[in-house]
Amino acid sequence: MTSPASSSEVKYLIESSEGNTFDVSGAALRQSNTFNAMFLNIGADGPIPFTDYNEATLKKVFEYCEHSVNEENYSGPKHQDDLSKWDLNFFNEMDQKMFIDVINASNFLDIERLTSYCCERIARMLRGKNTQEMIKVITLPTAEELEAKQKVEEKKAAAAKKVAEKAAETAEKTETLEELPVQQLVQTTRNKLTRKYLSFSNE
Amino acid sequence: MPPFPLLRLPRLVLGEVFKSLSIGEKIQLSFCSKKVSTQINNWRLYSQKVRVYLDMYSHKIEVSQNGEDKFKIFNRCDSTDPDMQQLQIEGCTVPVICFTNEIEIFWKNHQEGFLSVIRHLLKMFKCKFSTTISYYNSDLSQPTISMLFDLQQEFKILNIHPYGSEDYNFLWNKISRSFELVDDFRILSCFDDFRPVFNSWPQKITIHSSYWFTLDYLFACPCTNITIFNSLLNNKDLDEILRKWKAGGFPNLEYLEIHSDLITNNETTILGMNIRELDRKVIQTDDGSKKATIDTGIGRIDIAVTPFE
């Protein structure tokens, strides 16, 4: 069950690609700018579908968000050396596949702090290396792989559009309660979602 | 740990990774493959203005940001070592030796290779160049300078040792039309009939053998900083220069330094004073908008202009 509120006690249901649902606190979810743009003010009727990502990935991402709820406001990327023991463990216990899934999910959910730390970890793989050493560290994709990547991004854009439509639909249902303000909210949300969708498609 | 699929990352994440790397790391990464290079170029890391020093004597290109984080690219003649790592740079497959802060590239045609590296850098960054043109590097300086001026690239420092030849005249005509691209232009020597025509001017100019730099040249010069050594200007000329400045001439002038054996403590006065009396004097323009502090020495005068407070 979800409801429009700003209290950290409020729980939201998240739906993964397997169709499984689990709870996430409002405070943790609010670290996602994508969530803020879609659901924060209007609430969500039923589980929020982040069905492009599996349960393990989403749980990992929101584990990070739950942990950083009580940290000070995010003030830009930290150097790797400044990461806490908890942060380091969080990253170190992931294998490469999970790390990439977390980056993708964090990027889609627009969780600034987590995305920034992931970027820093990737940059660290390249730092201090010369071209020959970098070639050993990174996989250079073939033309087919690049084409496949483009298809995945198109699919994600379509998924984002679907989520946006669902959010707008939910917003419409609340119109009867507070007709005029909600209509304005729906329009605002639609505008935000359209912008988000367009920027995603342009990527 | 298996190799990391860098290019499969979301575009925004990839951009953040690129931005967090140093200049040298970005260049090293760009040499990994054409696809990586294209991705870096797509990010147009133009907010990072890099300084590029072109050493056309040793075919070395030095890239840095504010003089720090230096990365050196040595462009050598072709190598026959078959075991050397091959990279594709600007469409050419070339042997290379990589180090942490430098790379040696072995080109079949080192002149074309030098230009290829510059083109590669220009796609990545907004560059400001510094270099020296002389007869001894004319094989490289002619095509390089010509290309950079055609592309309207900016120069931090451009040194020149003028030499008389058809190629040189062609080059001078080309760059003298676009001197506004140059911050600091330095003429380090000259030949007997050296009488250059300036179709435009740099911001600052320094001339080492300035016997040809007459009052006519000086009066036409709109540079902010002018430094001339081995000049033939004398006390009478200085008097004329300062009177012109007081009357509103040299509107851009911030600093003028003249070295001449003909600046002496003789009876020819400057603004009614001899050269010793002029030392440490503060003068001002007739309209009172600017003041200038004068510093004199044996065969030398410096004039530093400041707005009137």
Side-chain angles (χ1 to χ4, degrees), chain A residues 33 76-80 92 94-97 99-112 114-143 145-150 152-153 156-157 199-203, chain B residues 1-40 42-43 45 69 71-74 83-89 93-105 117 120:
Chain A
N33 292 328
K78 276 197 251 181
H79 193 269
Q80 184 79 10
N92 290 341
M94 282 189 265
D95 61 13
Q96 192 185 82
K97 188 185 174 306
F99 180 53
I100 291 166
D101 287 345
V102 165
I103 294 168
N104 281 314
S106 176
N107 178 59
F108 171 75
L109 293 167
D110 196 3
I111 302 166
E112 224 174 303
L114 179 57
T115 307
S116 159
Y117 290 172
C118 290
C119 291
E120 173 59 24
R121 275 192 80 86
I122 301 163
R124 205 175 159 88
M125 292 179 200
L126 302 167
R127 289 227 173 93
K129 293 191 169 62
N130 66 40
T131 303
Q132 279 167 301
E133 292 162 340
M134 285 177 179
I135 288 172
K136 285 177 192 159
V137 169
I138 60 172
T139 314
L140 297 172
T142 61
E145 285 171 326
L146 283 175
E147 198 183 325
K149 183 194 171 190
Q150 197 184 338
V152 168
E153 300 233 328
K156 279 183 186 167
S199 69
F200 196 83
S201 306
N202 288 338
E203 285 174 23
Chain B
M1 192 82 160
F4 189 80
L6 187 73
L7 293 190
R8 285 198 216 145
L9 291 173
R11 190 176 168 274
L12 289 173
V13 172
L14 205 51
E16 286 306 310
V17 173
F18 293 153
K19 279 190 236 168
S20 71
L21 297 176
S22 69
I23 298 283
E25 286 157 354
K26 282 188 196 87
I27 297 170
Q28 297 261 24
L29 187 61
S30 74
F31 287 148
C32 286
S33 80
K34 193 179 173 207
K35 289 184 186 88
V36 176
S37 168
T38 305
Q39 287 295 326
I40 294 175
N42 284 345
W43 271 94
L45 301 160
D69 187 17
F71 184 74
K72 293 171 191 167
I73 304 166
F74 293 92
D83 296 331
M84 217 178 267
Q85 163 109 23
Q86 305 275 322
L87 293 179
Q88 206 180 53
I89 299 173
T93 304
V94 284
V96 298
I97 302 176
C98 301
F99 303 95
T100 306
N101 292 317
E102 58 190 59
I103 187 167
E104 288 186 38
I105 310 175
V117 172
H120 185 88

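Numbered from 1 within each chain, the chains take letters A, B, ... in sequence-line order.
For the pair B:Arg11 and B:Glu16, the salt-bridge criterion is not met [side-chain N within less than 4.0 Å of a carboxylate O].
Of the listed residues (B:Asn101, B:Thr100, B:Ile103), the greatest number of heavy-atom pairs within a distance under 4.5 Å of chain A belongs to B:Thr100. When each of B:Gly24, B:Ser30, B:Ser20 is checked for heavy-atom pairs under 4.5 Å with chain A, B:Ser20 comes out on top.
Between A:Asn104 and B:Arg8, the side chains place no donor N or O within less than 3.5 Å of an acceptor N or O (distance only, hydrogens not considered).
Nearest approach of B:Pro2 to A:Gln96, heavy atoms of both residues: O-NE2, 2.9 Å.
Taking the side chain as every heavy atom from C-beta outward, A:Ile100 and B:Pro5 approach each other to under 4.5 Å.
For a residue to count as touching a neighbouring chain, one of its non-hydrogen atoms must lie under 4.5 Å from one of that chain's; by this rule B:Phe31 touches chain A with backbone and side chain alike.
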